[in-house]
Amino acid sequence: MFPAVEKNESFADRELATGKFWKEQGIYEKTLAARKGAENFVFYEGPPTANGMPHPGHCLTRSIKDLYPRYKTMRGFRCERKAGWDTHGLPVEVEVCKELGIHSKAEIEAHGIESFIQKCQASVWRYMQEWERLTERLGFWVNMEEAYVTYHQSYVESVWWSLKTLFDRGQLYQGHKIVWWWAQGGTALSAGEVGQGYREVADPSVFVKFPLLDDAGEVTDTSLLVWTTTPWTLPSNQFAAVHPEIEYATVVDGETGEKLVMAKDLVETIAGKVKRELEIVSTCKGSGIVGKRYQPPFDCFYSTHDHNTSWRVVAADFVTTDSGSGAVHQAPAFGEVDYEVLVAEQARYTDGEGPELINCVGPDGKFTDEAPAFVRGRWVKDCDKDINRNLKERGLLFHQEQYRHDYPFCWRAEQDPLIQYPRESWFIRTTDIKDQMLANNAEINWLPGHIKDGRFGKFLESNVDWALSRERFWGTPLPIWVCEQTGKMEAIGSYDELLAKPQTTGMEVWEAAKAANPELPDDLRVHKPYIDAVTYASPFADGARMQRVTEVIDCWYDSGAMPFAQWGYRGQTSGPEKERFESQFPADFISEAIDQTRGWFYSQLAISTMIWGNDEAGMTNDEKKDSSFVIRNSSLAKPPHPFRNCIVLGLMLGEDGQKMSKSKRNYRDPSEIFDLYGADALRWYFFANQPPWTSIRYSEQAIKDSIPEFLLRLWNVYSFFTIYANIDEFDPKAEGATDACGFADAASYRPLEQRGELDRWILSELNATTATVTERMDAYDNYGACQAITEFVDAMSNWYVRRSRDRFWASDQRSPEKLDAYWTLYECLVSTTKLIAPFVPFLAESLWQKLAVAVFGDSVSESVHLCDFPVAKLPAIDAALSEQMNLVREVTSLGRQARSAAELKVRQPLTKVEVILADTTHQAWLESHAGLIAEELNVKAVEFTENAEQYIDYTIVPNFKQLGPKLGKNMPKVKKLLSQVDGGQMLVELKSAGKVTLELGGGESIDLDENDIEVRLQAKAGWAAAQGRGVVVVLATELTTELISEGWMRDLVRVVQDQRKELGCEFTDRIEIGVVTESAELRTAIEQFQKYVTQETLAEALVCESIADAEPISAKIGDADAQLYVQVAS
RNA sequence: GGGCGUGUAGCACAGUUGGUUAGAGCGCAGCCCUGAUAAGGCUGAGGUCCCAAGUUCGAAUCUUGGCACGCCCA
């Protein structure tokens, strides 16, 4: 016996029980154990940060990440899933700062770095529980107990090892660059971080007069009109840039008489801005003013520096006439392009004689003492107004206005604008390996495909060296120690290596902290401030000490290092780290949202290509001998690495189409969704509604809809099966089957060829579906796979079960046809259960437990997830049968359509339908299924008519696909000719001769055979007919008394069935029926169809009088009114 | 400003190498069925396939140029 189907149990409740079962029985662990020794399918978990609450977008990534490992496991692979947590970086520091109510770097230092770091470490796990709960509730199987954590010592040491490798190769270098600088935080930000903080703001746009000097260095009456949007950089002005090819004009200001130089194309615009006449007196190319000297607007450096090198007009291609004046203020300290101008200028001189960088702003973003007195010590962005006022007072400000543009702010401290600022910073020379990265990229299977050469490829093309260092606190310390005397450096690859250095001191700082608080995790010893205390004797100078540089690194480097760092691999030549790393590299599958293009996707590729590039070009000689780099020569190093297949998910938007945000509350908490609809509904919504890379708008309704559309539909089939299997005492084990996947041992199990057509059909569909799902999933197309599954479940529910009901209800429990039906449906359900297991693991498990485990006990897998994925039995697939069945379904659908149009409800029997087929290939088969069609359409007869000219117009159209290439330009002519011929006659001719000849005129003619044309049928007016593509169904609409009576009796049956339900009858309960009516017609009909009614309703008696104890109900049967009495037979 | 992507029914989406009646779902309307019943089915209305030009015998599909939106970058 199958366990009875529970009523009143929600999917969500069942899921909780299933989750508990998995956990208690260690099913995930068992799936791994079961695949011991099997080929690996390597999955990398991109580490989320656990210091924020998870939202529905995380459910999406985690669902996809779960789907493929589950699928591949069932397909026979061993798929480890090591969880990971991203724990370092600015987001954590910012959170802690908020708690402490502090903001700037100085405040953190005042608070104490030791305490700050400890707080960071603790805060990383703030939402750990929520994340774990979500992961488990969603059914994302991942090993959280052995998760890798980026702050763990072994992880940090792996990162160190990789950085040491790069350092020793000269690929990690210190450079002087203009960076986006977060002044309050005292650190540079990476391009990715900056990109997240752009906001539209209004900044001043000012036009300033730079008086030009003559050859003697005296101020002339002409000024260059210079434009800038950052007045605060004017005190640090060093050049003015013009485009050498643009025309410049000298104009006279109609009001003041001043002479100004500006781009000729902009004269009119600028005149409009200031609303006065600007008269052009002469023009010249930009190259004509290049080299001219001018007096800078502020004298911070002018009087102390060489006038010949700075404060000159220089040529620059980036100047445009889109806005401004055509002459651009240059402060090389505060702009990347400006800085390049300085470098270019310096190149004109021998070393040391060119212009030096001038800068009167400190790293804290405040003006230094070199700046004009009225701004000293103030935050630069606050000084724009005062600077403008000062310029105005001195008559140098020509015009100012507001200008809206996007400007970057700190992504974690939204009120802090970033500034460009010159800094010493550490870089990784990724530009050296650009080609290798591109080669690796070319081998990655990106989904969708356009990522490869599109967003990701383009990003690689424009690669710049990775700005690695951060002048912050909570991150992987940059493992470079500097000699205090010589400035020479070396990199350290592990903590032990550091301790083994000569005369190491400083470990006591950590030891003291640990003694004071034994709770501190040991991992902290490789972090600031403890690691900074460790120094050792310099190998470069006697008596000197080696001291670590102060920086930590970009946390994206941490996550990108996970392919090896998750195992603590740092070049070991043997041992578990090496083995695990090598067996798990590269990944077969990763998936994250598209925002990771420049994040984790890139950091992984860059690091893996840096360390194990595709050739030996970057290796030192020592490394070439060093066996730890053996991977370079192994097959693992072949591209693609570090991952082979990558599904790039779209972004998930809130219900309102906006980005999900906590403050807008435009989404529901995932835990609520689980409670309301369950994890399977959510998962199915993700997998089955769209390809994963489309941005989806979170839709609660759509999640809800997965239940009736798929989950419940399948559940109902299962429920139907269970109810009748139990009534008929059908038990696969008792029948002799040994397990739930092979039934050949069962005595009553008949081979396919002995079973009825419907059974062969659904099993054909099952196997075709299995083949499709496998093929789609192997191509990482979950959407296509889900569509196939949905169609199959629909076919099973809406055609197989419906058409098989008679067999399930037949009274002979042991009839072969009935047993066939049970076996067939059982097989379909069990296979479907396995097919859906990776997608909706909870429902699949419930079904498996009820359909298989409950019956077979220990002789089947204890969980569906321990099963092998079904393999399609190709011989069982019968394409012709599938086509034929589709045709039957089309005919019945058309029949209903015709009934609906003629307002003849299905309950009313009709004498016949006529079916006319354009293509008679399947006609004979269809004729043999006339009974089925008759039953579906409630007609007494089905007739097939050929050449049904009375109902039909035949239209012949060319088969365009076939004839197109043959006919070319003659196509329209043939189309026209065919539309004019008598279709019916032509068909006759075609049938007898096998071809027809069409005269095209001009002596040309063409022979057409059956394949060259398509026949269209058009029902003639006046018939109750409906037409499909190649078939017309015509109804006979005349009714006889007998037919009407029969229709009435179907009414009666229906009302009685309603009443059965009302009375709470079991499916097997017998009843008695009484009908009291004034209508003689009704009484006659009852008499006539007594047997039919009693049989349909399981009635022992049907009488035309009242039944004493039953409550009468009023009913309309056909046209007649009646009082109906129904009661359960005693 | 540049790159990438997306524009198909009220909504959210499919549409396989170009082939002439553009599709399933939800929603809506009407109807049916009821021995799967806190279900199920059928039918219908609703589309300038963003716009324009081009290539072609033929374009939702290919090309070019616009427009709108999104993301990424400056």
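First the proteins, then the strands, lettered A, B, ... as listed; each starts at 1. What you see is a predicted model; the values in this text were computed from it and never measured.
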Between [X] ([atom1]) and [N] ([atom2]), how many Å, whole number?
{"X": "Asp794(A)", "N": "G25(B)", "atom1": "CG", "atom2": "P", "value": "8 Å"}
{"X": "Trp799(A)", "N": "C42(B)", "atom1": "CH2", "atom2": "P", "value": "10 Å"}
{"X": "Glu791(A)", "N": "G25(B)", "atom1": "CD", "atom2": "C1'", "value": "12 Å"}
{"X": "Gln690(A)", "N": "A24(B)", "atom1": "CD", "atom2": "P", "value": "19 Å"}
{"X": "Arg598(A)", "N": "C4(B)", "atom1": "CZ", "atom2": "P", "value": "12 Å"}
{"X": "Asn689(A)", "N": "A12(B)", "atom1": "CG", "atom2": "P", "value": "13 Å"}
{"X": "Ile789(A)", "N": "G25(B)", "atom1": "CD1", "atom2": "P", "value": "18 Å"}
{"X": "Ile723(A)", "N": "G40(B)", "atom1": "CD1", "atom2": "C1'", "value": "14 Å"}

- Validation row, ring centre Phe808(A) to ring centre Phe720(A) under 6.0 Å: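 Yes, the ring centres sit under 6.0 Å apart.
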What nucleic acid atoms does [X] come within less than 4.0 Å of, heavy atoms only: base, sugar-phosphate, or nothing?
{"X": "Pro708(A)", "value": "sugar-phosphate"}
{"X": "Val801(A)", "value": "base"}
{"X": "Pro691(A)", "value": "sugar-phosphate"}
{"X": "Lys975(A)", "value": "base"}
{"X": "Val717(A)", "value": "base"}

- Partners of Arg713(A) by side-chain hydrogen bond (donor to acceptor under 3.5 Å, both in side chains), sequence neighbours excluded?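 side-chain hydrogen bond (donor to acceptor under 3.5 Å, both in side chains) check on Arg713(A) returns Asp794(A).
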- Basic-acidic side-chain contact under 4.0 Å: Arg802(A), Glu936(A):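 Salt bridge flag = yes for Glu936(A) with Arg802(A).
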Under 4.0 angstrom between [X] side-chain N/O and [N] OP1 or OP2:
{"X": "Thr597(A)", "N": "C73(B)", "answer": "no"}
{"X": "Arg713(A)", "N": "U37(B)", "answer": "no"}
{"X": "Ser893(A)", "N": "U43(B)", "answer": "yes"}
{"X": "Asn798(A)", "N": "G41(B)", "answer": "yes"}

Determine whether a donor-acceptor pair (one donor, one acceptor, N or O, separation below 3.5 Å) exists between the side chain of [X] and the base of [N].
{"X": "Ser797(A)", "N": "A36(B)", "value": "yes"}
{"X": "Arg455(A)", "N": "C71(B)", "value": "yes"}
{"X": "Arg1054(A)", "N": "U34(B)", "value": "yes"}

- Message: If the condition is ring-ring contact (aromatic ring centres under 6.0 Å, His included), which residues does Phe601(A) pass it with, not counting sequence neighbours?
- Response: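 ring-ring contact (aromatic ring centres under 6.0 Å, His included) check on Phe601(A) returns Trp446(A).
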- Geometric cation-pi criterion Arg598(A) and Tyr602(A), 6.0 Å radius, 45° cone: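 No; the conditions do not both hold, so Arg598(A) does not lie above the ring face of Tyr602(A).
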